[in-house]
Amino acid sequence: MVPSGFMNIAHRGASAYAPENTFSAFDKALALGVNQVELDVHLSEDGHIVVIHDDAVDRTTNGSGPVSGHTLAQLRTLDAGSWFEPEFVGEGIRSLGEVLERYKGRLYLHIEIKGRGEGLTQRTVDLVRGYGMADSVSITSFQASRLIEVRAYAPDIPSGWLVRDWDDSVLGESEEMNLAMICPRADLVTPELVDRVHRDGFLVRAWGVSTEELMEQVVEAGADGMTVNFPDKLIAYLERK
Ligand code: G3P
Ligand code: CA
């Protein structure tokens, strides 16, 4: 199920304050009083689902090369924290299983299928089900093909389409896929767009909230939620309203 109320979703964890997609970032979200996080998944060379944004490890670790060119054991040796700030040295890349294990009952997870590895969608669903967490995750992707897989394999798990550009064909395609959410880029979110999407029965969950101004624009447009790197600022804004 989709969480009720406005969805304040810590993007890759509270990634303004801790290295993205790590325990530190997810712990920080909880510490800020947020109970929803977004994270990205890829497949390792040996078929494990790992939590990392980019196709390659270069930007967010001390390693190099594609995620899919490393086994889980090799990924575990990398430092995924010190690129962000020295105090996070030793932070590691986590498997999705480790994340589910650690945060079950504490966080609702918005899982983005980012990688393109064969079977990634189905394995993600299997793992979520294995932890009994089908009622506390959503699955999103920019890849419509992944969403079609999710809908066929896990019709009980709400899904959302991340879209970079808008045209009204998004609505028809989302209806065909029977999605719960449409996730437009934040700068596209206007009251008119939200109204149009709501009339067709979808929730609006924005992404790409790079400034507080955009954050406020998304709220004022009447959207249902957003991923945001600084969820504490969103809490404060919603309280002031
Ligand atoms: O909230 C979705 C957002 O995470 C999509 O963009 O590049 O951060 O994965 P990206
Ligand atoms: Ca993402």
Side-chain angles (χ1 to χ4, degrees), residues 2-3 6-23 25-26 28-29 34-43 49-61 66-68 80 83-84 93-94 96 99-100 103 107-117 120-121 124 128 137-147 150 157-166 170 174 179-189 193-194 197 202-212 214-215 217-219 221 223-231 233-234:
V2 179
F6 192 88
M7 291 180 279
N8 181 355
I9 306 161
H11 177 234
R12 312 181 196 168
S15 57
Y17 311 115
E20 64 184 54
N21 281 319
T22 65
F23 281 174
F26 304 145
K28 182 68 180 176
V34 174
N35 60 8
Q36 299 181 50
V37 304
E38 187 262 2
L39 56 82
D40 304 279
V41 293
H42 286 260
L43 278 181
I49 303 165
V50 290
V51 179
I52 185 169
H53 179 272
D54 297 1
D55 292 341
V57 299
D58 301 54
R59 180 178 62 88
T60 57
T61 78
V67 174
S68 60
W83 70 276
F84 186 81
I93 295 176
R94 303 297 176 175
L96 181 60
V99 172
L100 297 174
Y103 298 105
L107 283 175
Y108 184 101
L109 302 176
H110 295 265
I111 300 172
E112 182 187 343
I113 306 287
K114 184 66 97 181
R116 293 176 185 272
L120 174 58
T121 307
T124 298
V128 165
V137 305
S138 78
I139 294 183
T140 59
S141 190
F142 284 103
Q143 307 171 57
S145 58
R146 295 302 196 174
L147 297 172
V150 176
I157 295 182
S159 308
W161 194 7
L162 296 159
V163 289
R164 287 193 179 86
D165 302 299
W166 185 265
V170 168
S174 298
L179 301 180
M181 295 181 283
I182 294 177
C183 310
R185 211 179 58 215
D187 59 344
L188 299 171
V189 176
L193 181 111
V194 171
V197 175
F202 305 103
L203 297 172
V204 178
R205 203 207 80 179
W207 65 275
V209 177
S210 51
T211 64
E212 286 184 70
L214 262 179
M215 176 190 86
Q217 178 187 314
V218 169
V219 173
D224 305 288
M226 70 183 84
T227 50
V228 58
N229 299 357
F230 36 83
K233 293 183 178 164
L234 179 52

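Atoms within a ligand are numbered from 1 in the order they appear, just like the ligands themselves.
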Undergrad: Would you say Ile111 and Leu39 make side-chain contact, with heavy atoms under 4.5 Å?
TA: yes

Undergrad: To the closest 0.5 Å, what do you measure between CZ (Arg185) and CG (Asp165)?
TA: 6.0 Å

Undergrad: Could an N or O of ligand 1 be found under 3.5 Å from any N or O of Thr227, whether backbone or side chain?
TA: yes

Undergrad: Have a look at Asp40 and say which of its N, O or S atoms is nearest the Ca ion (ligand 2).
TA: OD1

Undergrad: Could you tell me whether the side chain of Leu179 reaches within less than 4.5 Å of the side chain of Leu147, counting heavy atoms only?
TA: yes

Undergrad: I'd like the name of whichever of His53, His11, His110, Arg12 reaches closest to atom 3 (C) of ligand 1 through any heavy atom.
TA: His11

Undergrad: Does at least one non-hydrogen atom of Met226 fall below 4.0 angstrom from an atom of ligand 1?
TA: no

Undergrad: Would you say the side chains of Asn229 and His11 form a donor-acceptor pair under 3.5 Å?
TA: yes

Undergrad: Report, in ascending order of atom number, the atoms of ligand 1 lying under 4.0 Å from any heavy atom of Trp207.
TA: 1 (O), 2 (C), 3 (C), 5 (C), 6 (O)

Undergrad: Classify the contact between Leu162 and ligand 1 as side chain, backbone, both or neither, using a heavy-atom distance cut-off of under 4.0 Å.
TA: side chain

Undergrad: Check whether any side-chain heavy atom of Val219 lies under 4.5 Å from a side-chain heavy atom of Phe6, and answer yes or no.
TA: yes

Undergrad: Taking heavy atoms and a distance under 4.0 Å, where does Thr140 meet ligand 1: side chain, backbone, both or neither?
TA: neither

Undergrad: Less than 3.5 Å apart, any donor N or O on the side chain of His110 or Gln36 sitting next to an acceptor on the other?
TA: yes

Undergrad: Would you mind naming the N, O or S atom of Glu38 nearest to the Ca ion (ligand 2)?
TA: OE2

Undergrad: With a 4.5 Å heavy-atom cut-off, do Leu193 and Trp166 have their side chains touching?
TA: yes

Undergrad: Could you tell me whether Arg146 and Glu112 make a salt bridge, using a distance below 4.0 angstrom between a side-chain N and a carboxylate O?
TA: no

Undergrad: Check each heavy atom of Arg205 against ligand 1 and say whether those closer than 4.0 Å belong to the side chain, the backbone, both or neither.
TA: side chain

Undergrad: Counting each atom of ligand 1 from 1 as listed, which ones have a heavy atom of Lys114 under 4.0 Å away?
TA: 7 (O), 9 (O), 10 (P)

Undergrad: Can you name the atoms of ligand 1, numbered from 1 with element, that are less than 4.0 Å from a heavy atom of Phe142?
TA: 5 (C), 6 (O)

Undergrad: Aromatic contact between Trp161 and Phe202, with the criterion being ring centroids under 6.0 Å apart: yes or no?
TA: no

Undergrad: Atoms of ligand 1 less than 4.0 Å from Glu112 heavy atoms?
TA: 3 (C), 4 (O), 5 (C), 9 (O)

Undergrad: When you measure from the Ca ion (ligand 2) to each N, O or S atom of Glu112, which atom gives the shortest distance?
TA: OE1

Undergrad: May I ask you to list the atoms of ligand 1 that are less than 4.0 angstrom from any heavy atom of Glu38?
TA: 1 (O), 2 (C), 3 (C), 4 (O)

Undergrad: Decide, yes or no, whether a salt bridge links Asp224 with Arg205 under the criterion of side-chain N to carboxylate O below 4.0 Å.
TA: no

Undergrad: State the atoms of ligand 1, each with its element, that fall below the 4.0 Å cut-off from a heavy-atom position in Asp40.
TA: 9 (O)

